[in-house]
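A quick write-up on the structure given underneath.
For the single chain, residues carry numbers from 1 onward in sequence order. On a predicted model such as this, the values are computed, not experimentally measured, just so you know. Every number for a ligand or one of its atoms is a count from 1 in the order of the listing.
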Amino acid sequence: MTNEFEPKVLAFVCNWCTYTGADLTGTSRIKYASNVKIIRFPCTGRIDFMLLLKAFANGSDGVIVSGCHPNDCHYTSGNFHARRRWMLFRNLLDFLGIDIRRIRFSWVSAAEGAKWAEVVNETVANLRELGPYIEYRKTADFLAENELNIAEEMEVNNG
Ligand code: FES
C-alpha cells in the first residue's frame, strides 16, 4: 500500500459532449486516473458555480468543468454563459485564496475520448503537486454566510 496523496476530483460536465467523450474514453479502453467522479448536467450553462465551492467545502481537492466546444453547444450559447460565469468566479477564487490550478475549465467533444483522459490526468498531476485542499472549513463558512448574495450577483451579471 502506498501513502501517495490521491486527489479527490469532481467533474461537472455537459451531457452532450464531455459526458459522451468520457464514455468514449472508457469504450476505447484509454486508461486515465480514477480519481474523478463525474456529475452530468444537460449543459454547462446549467452549472451553478456555487457547486464548485460546495465541492471544495465538502472535501474535493480539485474540480473540472467541461462541456461542448464554443459554437457546438446543443442549447446554442450555454457554454458561453458558463465561460462568462467562470470569468466572474475566478475573482472569487482569488478572494478565497483557492489556487486557480485546482479548477480546470475545458471543452471536450463527444469524439475526444483521448482529450478527456488528458484533461483528467493533467488535473490529477497538478493536484498531486499542490497537495490536499485544507481550507475547506473556510470555504464552508464563506458559503454559509454569502451563498445567496453571490448567486444573485452572478445571475445579474450574467444577464
Ligand atoms: Fe454542452 Fe451546452 S450542451 S455545453
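- Metal site remark for atom 2 (Fe) of ligand 1: C17 contributes no N, O or S atom at a distance under 2.8 Å.
- More than 12 heavy atoms of other residues, nucleotides or ligands shown are found within 6.0 angstrom of CH2 on W107.
- At a cut-off of 2.8 Å, C14 does not coordinate atom 2 (Fe) of ligand 1 through any N, O or S atom.
- The atoms of ligand 1 that sit less than 4.0 Å from any heavy atom of H74 are 3 (S).
- The closest protein non-hydrogen atom to atom 4 (S) of ligand 1 is T44 OG1, 3.3 Å.
- In this structure, A82 has no heavy atom closer than 4.0 Å to ligand 1.
- Because its NZ or CZ atom is both nearer than 6.0 Å to the ring centre of Y19 and within 45° of the ring axis, R40 counts as a cation-pi partner of that residue.
- Note: F89 and W86 have tilted aromatic rings, judged against thresholds of 30 and 60 degrees for the angle between ring planes.
- With ligand atoms numbered from 1 in the order given, ligand 1 contributes 4 (S) to contacts under 4.0 Å with heavy atoms of N79.
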Q: Evaluate the side-chain contact (heavy atoms from CB on, under 4.5 Å) criterion for residues K37 and K8: first the C-alpha distance (whole Å), next the side-chain angles of each, then the deciding distance (0.1 Å), finally the verdict.
A: CA-CA 8 Å; K37 291 198 176 8; K8 293 186 281 297; over 6 Å; no
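- Here the side chains of R85 and L52 are not in contact, with every heavy-atom distance at 4.5 Å or above.
- Taking the six-membered ring where the residue is Trp, the centroids of Y133 and F56 are separated by under 6.0 Å.
- Ligand-side atoms of ligand 1 in range of P42: 3 (S), range being under 4.0 angstrom from any heavy atom.
- Per-residue contacts place C68 under 4.0 angstrom from the following atoms of ligand 1 (heavy atoms of the residue considered): 1 (Fe), 3 (S), 4 (S).
- At a cut-off of 2.8 Å, C73 does not coordinate atom 1 (Fe) of ligand 1 through any N, O or S atom.
- Taking every heavy atom of W16 and a limit of under 4.0 angstrom, the matching atoms of ligand 1 come to 3 (S).
- The main-chain N or O of G113 is found under 3.5 Å from a side-chain atom of T25 such that the two form a donor-acceptor pair.
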